[in-house]
Amino acid sequence: MFPLLRLFRIILVSLRYGLDELVLSSLNHPLATCLLRVIRLGTRPRKPRGLRLRLALESLGPIFVKFGQVLSTRRDLIPADIANELALLQDRVPPFPSAQAAACIEAALGAPPEKLFAQFQVDPVASASIAQVHFAVLHDGREVAVKVLRPGMLSIIEKDLSLLKIVARIIERLGADGRRLKPREVVAEFDKYLHDELDLVREASNCSQLRRNFGPESGRGDMLMVPEVIWEYTASTVFTMQRMYGVPVGQVERMRAAGIDIPTLARTGVEIFFTQVFTDGFFHADMHPGNIYVSDRPETLGSYIALDFGIVGSLSEFDKNYLAQNFLAFFHRDYRRVAQLHIESGWVPPDTREEELEGAVRAVCEPYFDRPLSEISLGQVLLRLFQTSRRFNVEIQPQLVLLQKTLLNVEGLGRQLDPNLDLWKTAKPYLERWMRQRVGIKGLRQSLEKEAAQWSQMLPALPRLVHDHLNRPNLSPALLAEMAQLRRAQEQNNRLVAALVGVLALAIGVALWALTR
């Protein structure tokens, strides 16, 4: 009964906000237009379509809000006006009762909060669609933040996801525009994000990895502070971490009053992003202002603080090299190299004409270079490139879409802090230095040092391995059988040749005997 009631409510909300007009008008069919007029009683919605969609998702509840947030990142699939409006969605969700939070903690950790903690703040300090946060103090005096998953979220999510999958299949069958939006792919991506966020152990492990990447041993100073995970108080529904103190990154005047150098802070944020992407291949992929704070304490003044690690991105060595070379080619306006990189990567068909792709890339990038560098959006360049790539049947990699979304966040955040931030000027020296380290003598030495442990074990055994290989070649059974057959055929040919030679010798001997008589 619940799915039917839920579906009925979705239909009513869709009609209320005119979402039917979004679907039926995209069909561009007389019957659809007639049906639309009947449903709307001859009227048309007055509010912009993006605003109507955002209001509808907010009224349908937290899961649909979260879906809209994820959808806003797929700017390669949806129109810009809708993506911009969906980016305004916020998790304004009332907290669930503290008694329920205490029960969840006891079920997950085996004891009530009053026993686990020396102090436990009953009222939550933050509440979102997936979880809420309470402050507490451990018995050893450490201050912590306890993130508790909303009760019953899994069953609610599964039911709403099943409805979203049905709606996606319907939209995909309505016409070419429906198929172009790839609704089933978007819902599947949303499904993955949600289930990842529902496992707080996964989030804690993401936090731990990011802290290790930026810890004291990394040599990166105090660029980014990441809370310590308290593993003995962490489970799949409860995540306990070190409490962090700072100022929300959006409160610029408060940071300036604390003595923080705002332009330096903006440049440091860009460097942190590129360090995560190109050095670590592991980056915080949800860097909106609500998840980023700045320390106002004297000992760590001006250091960034990362929070909420439910969504992270990872890149392979291939991805990192591909991206770095693309960015550098953009900086040098070498569009032929950009085209070559697309073809070499295998992301466009091998028969793609290099000069044709080069011309398309030039059309994307050249208008941006006529502006002052401080007005150029690197994220928008990457977005336009993705949109252009669709003409050449490029399958955009999910990790790169996530990267592009994060780059837009970082760029927007940096220019919110410093409107004159030149992202290109900040990024170019870093990328050039990174490439020199990768492909120069230093990069070769680092690669050899990295492989030294493995080679030190292999080198003593190398003569024996070569000897074994030469004497007992590691060939497949099929190949061995074929070689045996060839050997038998060769032996048979050898016997035939020997017989022929014998016959010829006998014939020659008889001929000579006859001549001598």
Note to self: What's the separation between atom OG in Ser98 and atom CD in Gln132, rounded to the nearest 0.5 Å?
What the structure shows: 6.5 Å

Note to self: How long is the straight-line distance from CG of Leu53 back to CD of Glu85, given to the nearest 0.5 Å?
What the structure shows: 9.0 Å

Checklist line | Side chains of Asn291 and Phe309 in contact at under 4.5 Å (non-hydrogen atoms) | finding: no

Checklist line | Approximate separation, where rounding is to 0.5 Å, of Glu232 CD and Leu109 CG | finding: 10.0 Å

Next item on the list: Not counting sequence neighbours, which residues clear side chain to side chain donor-acceptor pair (under 3.5 Å) with Arg142? List them please.
Entry: Asp140

Notebook entry, point to check: Cut-off 3.5 Å, side chains only: do His195 and Asp191 have a donor facing an acceptor?
Noted result: yes

Check: Is Gln276 reaching over with its side chain to a backbone N or O of His284, donor-acceptor style, under 3.5 angstrom?
Finding: yes

Notebook entry, point to check: Heavy atoms, side chains only, cut-off 4.5 Å: are Thr275 and Phe214 in contact?
Noted result: yes

Notebook entry, point to check: Name the one of Asp261, Asp296, Ile260, Leu301 that satisfies side chain to side chain contact (heavy atoms under 4.5 Å, CB included) with Met255?
Noted result: Ile260

Check: Within a strict 4.5 Å, meaning less than it, do heavy atoms of the Gln242 and Val144 side chains meet?
Finding: no

Notebook entry, point to check: Run the side-chain contact (heavy atoms from CB on, under 4.5 Å) check on Val148 and Thr237 step by step: do they pass?
Noted result: CA-CA 6 Å; Val148 185; Thr237 56; over 6 Å; no

Margin query: Minimum heavy-atom separation for Ala111 and Leu116, please, with both atom names.
Written below: O-CD1, 3.2 Å

Note to self: When you compare the side chain of Ile157 with that of Leu198, does any pair of heavy atoms fall below 4.5 Å?
What the structure shows: yes

Next item on the list: Side-chain contact test, heavy atoms from C-beta onward, threshold under 4.5 Å: evaluate it for Gln209 versus Phe282 and give yes or no.
Entry: yes

Item checked: Gap between atom CG of Leu60 and atom CG of Leu12 - 0.5 Å precision -> 10.0 Å

Margin query: Do the side chains of Asp308 and Lys147 get close enough for a salt bridge, i.e. N-O under 4.0 angstrom?
Written below: yes

Margin query: Please find the pair of heavy atoms, one from Gly310 and one from Asp196, that lie closest to each other, and give the distance.
Written below: O-CB, 4.4 Å

Margin query: Tell me the closest heavy-atom pair linking Ser236 and Val201, and the distance in Å.
Written below: N-CG2, 3.5 Å

Checklist line | Residue list, ring pair (Phe, Tyr, Trp, His ring centres under 6.0 Å) with Phe273, at least two apart or on another chain | finding: none

Note to self: Could you check whether any side-chain N or O of His139 sits under 3.5 Å from a backbone N or O of Lys115, counting only pairs where one atom can act as donor and the other as acceptor?
What the structure shows: yes

Checklist line | Thr234 to Ala204 - nearest heavy-atom pair and separation | finding: CG2-CB, 4.0 Å

Item checked: Worked verdict on Met241 versus Val229 for side-chain contact (heavy atoms from CB on, under 4.5 Å) -> CA-CA 5 Å; Met241 72 194 89; Val229 178; 5.5 Å; no

Checklist line | Taking every non-hydrogen atom, the tightest pair across Leu417 and Val249 | finding: CD2-O, 3.6 Å

Check: Does Arg184 reach the side chain of Arg169, with side-chain heavy atoms less than 4.5 Å apart?
Finding: yes

Checklist line | Spacing of CD belonging to Glu197 relative to CD1 belonging to Ile311, to within rounding of 0.5 Å | finding: 4.5 Å

Note to self: In the structure I gave you, are the side-chain heavy atoms of Leu315 and Phe283 within less than 4.5 Å of one another anywhere?
What the structure shows: yes

Checklist line | Check ion pair Glu58-Arg54 (N to O, under 4.0 angstrom) | finding: yes

Notebook entry, point to check: Donor-acceptor pair, His134 side chain versus Val146 backbone, under 3.5 Å?
Noted result: no

Margin query: Going by salt bridge (Lys or Arg N to Asp or Glu O under 4.0 Å), name the residues that satisfy it together with Asp123, two or more places apart in sequence or in a different chain.
Written below: none

Checklist line | Spacing of SG belonging to Cys207 relative to CG belonging to Leu200, to within rounding of 0.5 Å | finding: 11.5 Å

Note to self: My understanding is that only residues two or more places apart in sequence, or in another chain, count here; which of them pass ring pair (Phe, Tyr, Trp, His ring centres under 6.0 Å) with Phe117?
What the structure shows: Phe120, Tyr233

Check: Is the backbone N or O of Ala145 less than 3.5 Å from a side-chain atom of Arg243, with the two atoms forming a donor-acceptor pair by type?
Finding: no

Next item on the list: Check for a donor-acceptor pair, side chain of Arg52 on one end and backbone N or O of Tyr17 on the other, with a separation under 3.5 Å.
Entry: yes

Item checked: Contact summary for Cys104 and Leu149, nearest pair of heavy atoms -> SG-O, 4.2 Å

Note to self: Quick one, Leu265 and Val294 - any side-chain contact, counting heavy atoms below 4.5 Å?
What the structure shows: yes

Margin query: Restricting to side chain to side chain contact (heavy atoms under 4.5 Å, CB included), what partner residues turn up for Thr300, sequence neighbours left out?
Written below: Met225, Ser295, Arg297, Ser303

Next item on the list: Return the set of residues passing side chain to side chain donor-acceptor pair (under 3.5 Å) with Gln100 (not counting sequence neighbours), or none when no residue passes.
Entry: none

Checklist line | side-chain contact (heavy atoms from CB on, under 4.5 Å) between Asn84 and Leu86, worked out | finding: CA-CA 6 Å; Asn84 291 336; Leu86 293 182; over 6 Å; no

